[in-house]
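Values below: every heavy atom of this structure, side chains too, minus hydrogens, waters and symmetry copies. The model shown is predicted, which means the values in this text are computed figures rather than measured ones.
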Amino acid sequence: LMGFVALSLIVLAIGAFVRSSGSEVVLHPPTGEVGFWVGFAVFFPAVTGVMAGLGLSGDLRDPGRSIPVGSIAAVGTGFLVYLLIPILLSLGGDPSELRDDPLVWSKIAVFGPWLVLPGLWSAIFSSAVGSILAAPRTLQALAQDGIAPRFLWRPTGDSRELLPGMAVSLAIAVGAVFLGNLNAVAAVVSMFFLTVYGTVNLVAAFEVLSGDPSWRPKISVPWPIALAGGVGCMVVMVLISPIAGLLALVAEFSLWMYLSRRAQKARWGDARRGLYEALIRWALIRLNERPMSARNWRPHILAFVVDPLKELDLIRFGNWFSQDRGVVTVCNLVVGDLMNDELDIAGRRNRIKEVIDA
């Protein structure tokens, strides 16, 4: 497939230079019939294959090395190709052809449709296959983490485990096709792609700011760059269509509210905790630089209890003494061997929390 796409680009370049040889090169200015942001919305889904490739990263031998190298190479190659194609088309065709003929590429290229159409079909097929493979795997991973419905994860050990996610992905794709207008579909798809890219950038900035030890990317990007990328995606959504952008954000925020409740039981970490700990660490360092005085002294009480319910008066006294100005920490002191004794630490912590909340 890659070979067919590359061949179609080569024959386009040859045909464009043959047509323009001996004549003055004129790069035609835009006619203004299509606004920049409308054209951007239609064009943008064509360059989203990088995310589809990332969705297949579970099949890589060394994802930590291959993902950053492959992503940067894909973005750079796509950027150069998409800058080169308009120049070649402008060299090989006149403005009326470029505006009215959707297959003008095949007329400019040498050997015409015989070499261009296989490249076109290959590009379409590769994008479709990438989405078909990536979307079900993403749904499967979400279901495995307990966020998406469990029926999307069927651990059969073979290709049948992707069938539920593939059925859901197919339904979404068919629903988009029924919109009828490909330009309208492209604009809607652009909104959701922009929110995905924006969220990825915001999460990256969030993780860098929180200083989470588990955040160890192979390529370190400063948080202002990631934050600018995330904010830029949101701004572009508004510039394309404020109403469509707002609807997309409302839909995804509603989905996040629903999924966040399911994610509370997940065992993997929460990036917000890392940010809170980073803020606490920063505040404690700043606090240590300020001298203690009677005017701003606050009590920090550590209360040891055996049974929080029976010793509730002690907890209340500590809370009364702090007057909501300090910190009261309630600990259940257990004498024993952590390695050998059956200690339900999570249960003890939840019992203390229930007594305090009540």
Side-chain angles (χ1 to χ4, degrees), residues 1 37-38 40-59 71 74 78 120-156 158-203 230 233-234 236-238 240-263 266:
L1 295 180
W37 293 111
V38 175
F40 179 90
V42 175
F43 172 80
F44 184 74
V47 296
T48 54
V50 176
M51 187 61 73
L54 294 177
L56 302 175
S57 60
D59 293 333
S71 300
L120 177 62
W121 294 332
S122 297
I124 296 172
F125 186 70
S126 64
S127 298
V129 169
S131 299
I132 289 174
L133 291 176
R137 290 171 185 268
T138 303
L139 291 174
Q140 182 190 42
L142 291 173
Q144 187 175 358
D145 287 336
I147 299 178
R150 297 292 296 178
F151 77 89
L152 293 172
W153 181 43
R154 294 175 53 189
T156 59
D158 54 28
S159 59
R160 291 177 299 167
E161 65 184 15
L162 294 177
L163 289 179
M166 194 169 292
V168 173
S169 303
L170 179 63
I172 295 175
V174 171
V177 170
F178 276 114
L179 291 177
N181 188 340
L182 287 179
N183 288 347
V185 173
V188 173
V189 170
S190 291
M191 291 297 171
F192 289 100
F193 269 120
L194 283 167
T195 53
V196 170
Y197 290 157
T199 303
V200 169
N201 278 276
L202 291 176
V203 168
C233 289
M234 304 305 169
V236 169
M237 289 175 61
V238 175
I240 292 175
S241 174
I243 297 177
L246 180 61
L247 291 176
L249 290 176
V250 169
E252 293 185 335
F253 182 76
S254 302
L255 182 63
W256 176 81
M257 290 290 293
Y258 166 72
L259 295 178
S260 63
R261 296 178 181 178
R262 301 177 64 94

- [ ] Please identify each residue that fulfils side-chain contact (heavy atoms from CB on, under 4.5 Å) with Ser71, with sequence neighbours left out.
- [x] Val50, Leu54, Ile67
Task: Residues in side-chain hydrogen bond (donor to acceptor under 3.5 Å, both in side chains) contact with Thr195, at least two apart in sequence or another chain - done: Glu252
Task: Evaluation steps, side-chain contact (heavy atoms from CB on, under 4.5 Å), between Leu139 and Met166 - done: CA-CA 9 Å; Leu139 291 174; Met166 194 169 292; over 6 Å; no
Task: Partner set under side-chain contact (heavy atoms from CB on, under 4.5 Å) for Leu246, not counting sequence neighbours - done: Val250
Task: Partners passing side-chain contact (heavy atoms from CB on, under 4.5 Å) against Ala123 (at least two apart in sequence or in another chain) - done: Val5
Open item on the list: Rounded at 0.5 Å granularity, tell me how far CG in Leu142 sits from CZ in Arg137.
Closed with: 14.0 Å
Task: Sequence-distant partners of Ile240, side-chain contact (heavy atoms from CB on, under 4.5 Å), two or more places apart - done: Trp37, Phe40, Ala41, Met191, Leu194, Val236
Task: Atom of Gly165, atom of Pro136 and distance for their closest heavy-atom approach - done: C-CB, 3.8 Å
Open item on the list: I'd like to know whether CG of Leu255 has more than 12 heavy-atom contacts from other residues, nucleotides or ligands below 6.0 angstrom.
Closed with: yes
- [ ] For side-chain contact (heavy atoms from CB on, under 4.5 Å), just list the numbers for Leu249 and Met234, CA-CA rounded to whole Å, side-chain angles, deciding distance to a tenth of an Å, and then say yes or no.
- [x] CA-CA 9 Å; Leu249 290 176; Met234 304 305 169; 4.2 Å; yes
TODO: Using a cut-off of 6.0 Å, state whether more than 12 heavy atoms not belonging to Phe178 lie near its atom CZ.
DONE: no
